[in-house]
There are 2 protein chains.
Amino acid sequence: MMNGNDENKISIKRIAELSGVSPATVSRVINNNGRFSEKTRRRVMKVIRENNYGMNYVAKSLRMKKSFTIGVLVPDISNAFFSSVVLRMEKYLYSKGYSVIICNTDRDEHKEMAYLRTLEGKMVDGLLIISGDQEFDTSVIQTQTLTVCIDRKPKNTENAVFISSDHYHGGLLATETLIKQGCKKLGIIISHENLYSSKERLRGFKDALEKNGLTCNPNRIIKINDKETKPEEVKLHVLKSFRDGNLYDGIFAVNDRLAFGTMKACQDFGWKVPENVKIIGFDDDPLCTYSSPSLSSVKQDIDQLAKVSCDILLKLINSEMMTSTEKCQMIPTSIILRESV
Amino acid sequence: MMNGNDENKISIKRIAELSGVSPATVSRVINNNGRFSEKTRRRVMKVIRENNYGMNYVAKSLRMKKSFTIGVLVPDISNAFFSSVVLRMEKYLYSKGYSVIICNTDRDEHKEMAYLRTLEGKMVDGLLIISGDQEFDTSVIQTQTLTVCIDRKPKNTENAVFISSDHYHGGLLATETLIKQGCKKLGIIISHENLYSSKERLRGFKDALEKNGLTCNPNRIIKINDKETKPEEVKLHVLKSFRDGNLYDGIFAVNDRLAFGTMKACQDFGWKVPENVKIIGFDDDPLCTYSSPSLSSVKQDIDQLAKVSCDILLKLINSEMMTSTEKCQMIPTSIILRESV
DNA sequence: TTGTATGCGTTATCAT
DNA sequence: ATGATAACGCATACAA
């Protein structure tokens, strides 16, 4: 079996020999800078093709202090929302000549820091940090690497850019939709309260109530433990609230998983969706179409989120000027209405 | 804003100066090889900590011809099955000190080849190639990089290892399950026929029929265009077959998306699932639990698939010996029964 | 237009 | 036990 180690890759030096020019000239031809005659260009390119030369990016990176690689930190790539974001990012960055190193952090701060050190050692040109628990502290975690935080507040806004879906508006939108449909006894199901996005969605919920002259009944705020967000587990928590005598005619779940658990709870408790209680989730998970009733949900503009994030990062990398509004952008959310309302 | 370029990272050389030893000694201490006194070790380590030194892996890679990076080629990371596989791989490889470069190929041969060149230039230590259309040809695509193909046959078995779920057995299992439930008029919905996994699942279907004395009616093989695998599109194709007068009492869909489309078609056509027609899918997508009726499906052992693949690749990288059975492994599949049968 | 020489940060060889 | 030196492949400043 062919072993990777015994390969003898050809180098610029060798191409230079074969085409009777200096390595410098070969380099100039390859990168199309400096000046050289058309005749030389053709001769060199011919040799390159014939010998199937391929650039050694490791050497190039060392020399140029630039790796053409972006590190992407994400809590869990198997999550539908995250993997879609990463997909978009990868495609966009690929088109710009960058590769992506993927890092599953499990929201584990320790793993996160370890990865950060490794990525810095690999000289990544930039960092895309998606979600995660705490605020992201660029000073404690000693990375000078250019960073764009998505759905996660950087502690030091001098050092990192912040892009986010407009979770607040999403929460507002969902809640007002329920209100418009006549709901009076509104509740919210929430988990991962320390997440920026959760906080914002909750804030939107509360503000919508206030704006419409409704009071936020604390008994109708169901908090789900971060480790128990499986639909079955959620169902039990929600059922408990139902059995405790809390009445609902509209529920906003801060994410779709919670919404599914809530729907199951309603079924079990004998409340019909949407007749007795209306439900709206968040993320527009592919599952939404399949549940019965199908689930209304707030949809994030994943394409835009990924594109804007990458664009800003590339701007940083190319040390282009940026307006202060660019350094902190909100991507609008929209609501997809289905049977559950 | 801090710019990545003006950082002045400290090097082994500088650590050497600060601790009054040579760079060579510092390197030896860091990598804990060679010999050095305990006193030296402590002094060097102290300086390293105090100055927050971090290894430059790019330089290390150039020198050692080893990048501690694995390239992962995957058709579409936003697919639930693929992203789960990648998640497991990344976790496992991280624990072994490797990073993962993710490459979405869209099953586009051109992009695939371009990526392969880039990865080789980045000196990745190995390649994990998941699925994809054609057989993977290590000679045409001139990569000497150590490769493990998952669910995709390498053309030259000398140059690459092949790991796969047992799709054949999965197809067999699904079909026999339907037969045991009394189905006589069995059909299959299939897309991506050129995929190794699809072929195998189909083969399992046919063999199961034959083994049970049933004939495979070609009219009950519904082929879906690769570009029209959305449930709604699938539904139309399946409905057409129904309207053409083809009768079914059991359907094996080679993946869950097709199964969902098929279920919708049954609903529209007035056939009850599972009373009139029983359905089994493949992949055990999270969606299976949510559809109504919930969908039975063949489940791949993702953990095992990822772990075995990584283990083999690491063995290749460390040029460990391998038995010929190791070079071509099948991971067992199982069936998850739900309401649809 | 082209060549020479140097250095990026590291490890490995060969001394001492 | 430790140091001097070369080499990995490339880009660039400077010279010609």
Side-chain angles (χ1 to χ4, degrees), chain A residues 4-45 47-48 51-68 117-118 120-125, chain B residues 4-45 47-48 51 53-69 117-118 120-125:
Chain A
N5 298 326
D6 61 26
E7 75 188 281
N8 241 333
K9 291 230 53 175
I10 203 165
S11 73
I12 275 193
K13 213 172 181 176
R14 181 87 182 109
I15 297 291
E17 289 172 15
L18 292 172
S19 34
V21 297
S22 75
T25 300
V26 175
S27 172
R28 285 190 279 252
V29 168
I30 290 176
N31 297 294
N32 200 39
N33 51 8
R35 278 233 183 296
F36 41 83
S37 69
E38 173 61 17
K39 196 179 134 202
T40 302
R41 193 190 69 75
R42 269 210 289 274
R43 194 168 59 233
V44 170
M45 288 310 284
V47 177
I48 284 182
N51 294 77
N52 191 37
Y53 164 81
M55 172 77 74
N56 182 325
Y57 289 102
V58 176
K60 191 188 186 97
S61 297
L62 180 59
R63 176 61 227 248
M64 294 183 70
K65 294 183 176 305
K66 176 161 174 49
S67 65
F68 306 94
R117 286 192 72 82
T118 304
E120 200 167 8
K122 294 200 174 186
M123 301 177 91
V124 294
D125 302 327
Chain B
N5 297 325
D6 61 27
E7 75 187 281
N8 239 334
K9 289 230 54 176
I10 202 165
S11 74
I12 277 192
K13 214 171 180 176
R14 181 84 183 111
I15 297 290
E17 287 172 17
L18 292 173
S19 36
V21 297
S22 75
T25 300
V26 175
S27 172
R28 283 190 282 251
V29 168
I30 290 175
N31 297 293
N32 200 37
N33 50 7
R35 278 233 180 297
F36 42 82
S37 68
E38 173 60 18
K39 197 178 136 202
T40 301
R41 193 190 68 77
R42 270 209 290 273
R43 194 169 59 230
V44 170
M45 288 310 285
V47 176
I48 285 183
N51 295 75
Y53 164 81
M55 172 76 75
N56 183 324
Y57 289 102
V58 176
K60 191 190 185 98
S61 297
L62 180 59
R63 177 61 228 245
M64 295 183 68
K65 293 182 177 307
K66 175 160 176 50
S67 64
F68 306 94
T69 305
R117 286 190 72 82
T118 305
E120 199 166 9
K122 294 201 175 187
M123 302 178 90
V124 294
D125 302 327

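Each chain gets a letter, A, B and so on, in the order its sequence line appears, and its residues count up from 1.
Of the possible polar contacts, one joining the A/Ser61 side chain to the A/Tyr57 backbone as a donor-acceptor pair under 3.5 Å is found.
Ion pairing between a basic and an acidic side chain is recognised when a charged N comes within 4.0 Å of a carboxylate O; B/Arg42 and B/Glu38 show such pairing.
Distance check, rounded to the nearest 0.5 Å: OG of A/Ser19 to CE of A/Met45 gives 11.0 Å. Here the straight-line distance linking atom CG of B/Asn56 with atom CD of A/Glu120 works out to 10.5 Å at 0.5 Å rounding.
Mapped onto DNA chain D by nearest heavy atom, B/Arg43 and A/Ile10 fall at different nucleotides, with B/Arg43 at the one closer to the 5' end.
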When you look at B/Lys60 and A/Val58, which way does the side-chain contact (heavy atoms from CB on, under 4.5 Å) test go after all the steps? CA-CA 10 Å; B/Lys60 191 190 185 98; A/Val58 176; over 6 Å; no
Determine, stepwise, if the pair B/Met55 / B/Ile30 fulfils side-chain contact (heavy atoms from CB on, under 4.5 Å). CA-CA 9 Å; B/Met55 172 76 75; B/Ile30 290 175; 3.8 Å; yes
Before you tell me yes or no, could you show the steps for A/Met123 and B/Lys9 under side-chain contact (heavy atoms from CB on, under 4.5 Å), namely the whole-Å CA-CA distance, both residues' side-chain angles and the distance that decides it to 0.1 Å? CA-CA 11 Å; A/Met123 301 177 91; B/Lys9 289 230 54 176; over 6 Å; no
Please lay out, stage by stage, how A/Arg14 and A/Asn51 fare under the test side-chain contact (heavy atoms from CB on, under 4.5 Å). CA-CA 10 Å; A/Arg14 181 87 182 109; A/Asn51 294 77; over 6 Å; no
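Contacts of residues 32-42 of chain A with DNA chain C (heavy atom under 4.0 Å): A/Arg35, A/Phe36, A/Ser37, A/Thr40. Of all the residues in residues 11-24 of chain A, A/Ser11, A/Ile12, A/Ala24 reach under 4.0 Å from DNA chain D with at least one non-hydrogen atom.
A heavy-atom distance below 4.5 Å is not found between the side chains of B/Thr40 and B/Arg28.
For the side chain to side chain contact (heavy atoms under 4.5 Å, CB included) with A/Val21, the qualifying choice from A/Ile15, A/Val26, A/Val47 is A/Val26, the only one to do so.
Atom CZ in B/Arg28 sits about 11 Å away from atom P in C/dA12, given to the nearest Å. B/Tyr53 places its OH atom 8 Å from the C1' atom of C/dT10, with the value rounded to the nearest Å. One interatomic measurement links the two molecules: CG of A/Leu62 to P of C/dG7, which rounds to 14 Å at whole-angstrom precision. Nucleotide C/dC8 holds its C1' atom 18 Å from the CE atom of B/Met64, rounded to whole Å.
When all heavy atoms of A/Gly20 and A/Arg43 are compared, the closest pair comes out as O-NH2, 4.4 Å.
From the 5' end on, the contacts that DNA chain D makes with chain B at under 4.0 Å to a non-hydrogen atom open and close at D/dA1 to D/dG9.
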